[in-house]
S.K.: 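Quick one: the structure is below, questions incoming.
A quick note: this is a predicted structure, and the numbers were derived from the prediction, not measured. Here is the naming used below: chain letters follow the sequence lines, and residue numbers restart at 1 for every chain.
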Amino acid sequence: MWQWFHKLGSPKWFFGIATRFMPWLLILGLGLLAAGIVWGLAFAPKDYLQGNSYRIIFIHVPTAFIAQSAYIMMAVAAVVTLVWRMKLADVFVKAVAPVGLVLTFLSLFTGAVWGKPTWGTWWIWDARLTSMLILLFLYGGVIALDRAINDEKSAARAVAVLVLVGVVNIPIIKYSVEWWNTLHQPATFKLTEKPSMPAEMWVPLVLSILGLYLLFGWLACLRMQTEILQREQRTKWVREMITAGRS
Amino acid sequence: MHPIRKKRLTIVLFLIAGIALAVGLTTYALRQNINLFYDPTQIAAGEAPVDVRIRAGGMVKEGSVVRDPGSLKVEFQVTDFNQSVPVQYEGILPDLFAEGQGVVAMGRLDENGRFVADQVLAKHDENYMPPEVADSLKKNGSMGQAGETVEAATN
Amino acid sequence: MAFDSFASFIAMEGHGPYVWACYGVFFLLMAVLVLWSLRSKRAAVEACRRRFETTSDTGREAATGASATFARVNVSQD
């Protein structure tokens with residue numbers, strides 16, 4: 001029953017699968033992202049209240065959304081690292097953390113620039129913004145901790161524990177706007193209800209979320225391959241692959 | 001599943017549950033500090049301290065905005081459709097400030113229960129729509145929908 | 001099209017600077033991230049290739065203990 005699971009953990013197997021899927025992830029991701037952004041910027045109607053400044057939503061929500069789901073994936077990988085000692089899970093955490101950092105920063109930055117014309121301030125210490133800032137520090141902490149420990153196995157475990165400790169922040173980010181009084185408005189997309197915007201606004205938003213998601217997948221695969229190459233450069237399969245690729 | 005892995009998994013799950021409990025209790029204890037602002041009901045009930053810098057939030061009551069013609073002084077009522085608080089402010093208001101819109105004001109509550117603000121921020125809800133749709137909604141008088149969500153958010 | 005002209009598209013009724021600053025920083029950072037990741041993969045492949053050219057074909061046995069730490073400093077991460 002656990003056979004497939006352990007096969008999934010084989011760096012060689014993953015490397016081959018990733019190579020096969022990566023072009024599709026890149027092409028589809030860029031295409032959907034471009035479609036969503038062009039539609040959102042130029043064709044979607046403006047908002048009755050905020051005018052055109054709301055067009056920032058077409059990158060603000062995707063970056064924030066994927067920054068959070070990347071962290072959830074990292075937490076799952078951290079459990080796998082701690083319980084099954086699977087190397088590939090640790091490779092994933094290390095490959096994805098810098099991407100998560102950039103996406104979290106982008107969501108904070110676009111939020112600040114959006115906040116100025118709509119709320120009247122760049123920044124406010126409300127629960128949503130503060131918990132998102134904590135996510136940025138968590139990503140930074142994961143990267144720093146990994147670099148601070150030289151031994152690969154100790155680094156993997158320490159990083160996994162840090163990731164798991166930080167995962168409680170994710171529901172706080174999500175529900176902050178419901179649990180407490182915040183300046184930030186509640187989510188536009190809810191699982192159980194219709195989105196609180198018309199289709200000509202939410203369709204481009206969904207497109208750019210999907211596009212950025214696929215692009216994130218491509219980046220994750222690419223960076224995992226890099227990490228695998230660095231770790232497994234002594235193995236026979238890497239040698240065979242590299243020498244075969246040259247001829 | 002291998003017994004040692006089962007044991008590790010249990011430890012990991014306990015770790016997560018423990019941290020979640022600790023953080024949950026902390027945020028629950030600090031909930032009044034995490035809340036960005038007091039709503040008019042809390043202020044009317046005397047929960048907000050007098051003459052301390054606090055924030056008050058709610059909707060700008062329809063028909064309550066009085067602008068001083070000679071200066072930037074403005075007075076309005078902030079309501080949560082249950083209680084209202086009079087707010088005094090001098091300065092530039094955000095573009096989104098309007099009657100029926102959400103605001104968060106920073107300032108002090110004086111002895112007369114009046115809120116003297118030195119900063120007013122606009123709060124908007126999660127509803128987005130094209131201007132034409134908003135206009136027709138307003139005509140049909142069903143714009144209250146947007147108000148309800150802000151009301152829910154401020155409670 | 002939500003705008004009458006290209007100029008009004010750029011101006012966004014006064015919100016242009018905010019919108020374009022966001023999109024500018026988004027594209028810039030994403031491009032940096034993508035290029036950096038591509039470069040480090042290429043560097044990793046190159047490092048492997050150099051390694052195989054200089055060492056003999058015995059593979060795995062060589063210094064398994066220190067390999068991990070050595071590999072981590074061997075390739076520049078930026």
S.K.: Identify the heavy atoms of A:Thr226 and C:Ala44 that sit nearest to each other, and give their distance.
M.R.: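 Scanning both residues completely, I find the closest heavy atoms to be CG2-CB, 3.9 Å.
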S.K.: Side chains of C:Glu13 and A:Lys46, heavy atoms from C-beta outward: is any pair under 4.5 Å?
M.R.: yes
S.K.: Could you look at A:Ala44 and say if it's the side chain, the backbone, both or neither that has a heavy atom under 4.5 Å from chain C?
M.R.: backbone
S.K.: Can you tell me how far the CZ atom of C:Phe26 sits from the OG atom of A:Ser208, to the nearest 0.5 Å?
M.R.: 8.0 Å
S.K.: Please look at C:Phe6 and chain A and tell me whether the side chain, the backbone, both or neither of the residue comes under 4.5 angstrom of a heavy atom of that chain.
M.R.: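 Contact with chain A: none, neither part.
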S.K.: Looking at every non-hydrogen atom in both residues, tell me the closest pair between C:Tyr23 and A:Ile56 and how far apart they are.
M.R.: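 That would be CE1-CA, 4.3 Å.
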S.K.: What part of A:Phe105 gets closer than 4.5 Å to chain C, counting heavy atoms only: side chain, backbone, both or neither?
M.R.: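 Side chain only.
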S.K.: Side chain, backbone, both or neither: which part of A:Leu26 has an atom under 4.5 Å from a heavy atom of chain C?
M.R.: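 Nothing of A:Leu26, per the 4.5 Å heavy-atom cut-off to chain C.
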S.K.: Any side-chain heavy-atom pair from A:Trp114 and C:Val19 closer than 4.5 angstrom?
M.R.: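 SC-SC contact between A:Trp114 and C:Val19 ruled out.
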S.K.: With C:Met30, which of A:Leu103, A:Ile59, A:Leu33 fulfils side chain to side chain contact (heavy atoms under 4.5 Å, CB included)?
M.R.: A:Leu103
S.K.: Can you tell which part of A:Leu229 gets under 4.5 Å to a heavy atom of chain C, answering side chain, backbone, both or neither?
M.R.: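 Both the backbone and the side chain of A:Leu229 come within 4.5 Å of chain C.
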S.K.: Measure distances from C:Tyr18 to the heavy atoms of chain A and classify the residue's part below 4.5 Å as side chain, backbone, both or neither.
M.R.: both
S.K.: Need one label for A:Leu212: side chain, backbone, both or neither, based on atoms under 4.5 Å from any heavy atom in chain C.
M.R.: side chain
S.K.: With a 4.5 Å limit on heavy-atom distance, are the side chains of C:Met12 and A:Leu41 in contact?
M.R.: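 Touching, per the 4.5 Å side-chain cut-off.
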S.K.: Would you call A:Arg223 and C:Trp36 a side-chain contact if the rule is heavy atoms closer than 4.5 Å?
M.R.: yes
S.K.: Give the intermediate values and the outcome of side chain to side chain contact (heavy atoms under 4.5 Å, CB included) for residues A:Phe109 and C:Leu29.
M.R.: CA-CA 11 Å; A:Phe109 179 83; C:Leu29 279 186; over 6 Å; no
S.K.: What pair of heavy atoms forms the shortest contact from A:Val99 to C:Leu33, and how long is it?
M.R.: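 For A:Val99 and C:Leu33, the tightest heavy-atom pair comes out as CG1-CD2, 3.9 Å.
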S.K.: Say you draw a straight line from CG of A:Leu106 to SG of C:Cys22; how long is it, rounded to the nearest 0.5 Å?
M.R.: 9.0 Å
S.K.: Got a second to check how far A:Glu227's CD is from C:Ser40's OG, nearest 0.5 Å?
M.R.: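 Those atoms lie 10.0 Å apart.
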S.K.: Which distance, rounded to the nearest 0.5 Å, do you find between the OG of C:Ser37 and the CH2 of A:Trp218?
M.R.: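 Those atoms lie 7.0 Å apart.
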S.K.: Has A:Trp123 got more than 12 heavy atoms of other residues, nucleotides or ligands less than 6.0 Å from its CH2?
M.R.: yes
S.K.: Given a strict heavy-atom distance threshold of 4.5 Å, which part of A:Trp39 is in contact with chain C: side chain, backbone, both, or neither?
M.R.: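 The answer is neither part of A:Trp39.
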S.K.: Which pair of heavy atoms, one from A:Asn52 and one from C:His15, lies closest together, and at what distance?
M.R.: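 Closest approach of A:Asn52 to C:His15, heavy atoms only: N-ND1, 3.8 Å.
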S.K.: Identify which part of A:Arg55 has an atom lying under 4.5 Å from any heavy atom of chain C, answering side chain, backbone, both or neither.
M.R.: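 For A:Arg55, heavy atoms of backbone and side chain both lie under 4.5 Å from chain C.
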S.K.: Minimum heavy-atom separation for C:Cys48 to A:Gln233, with atom names?
M.R.: SG-CB, 3.6 Å
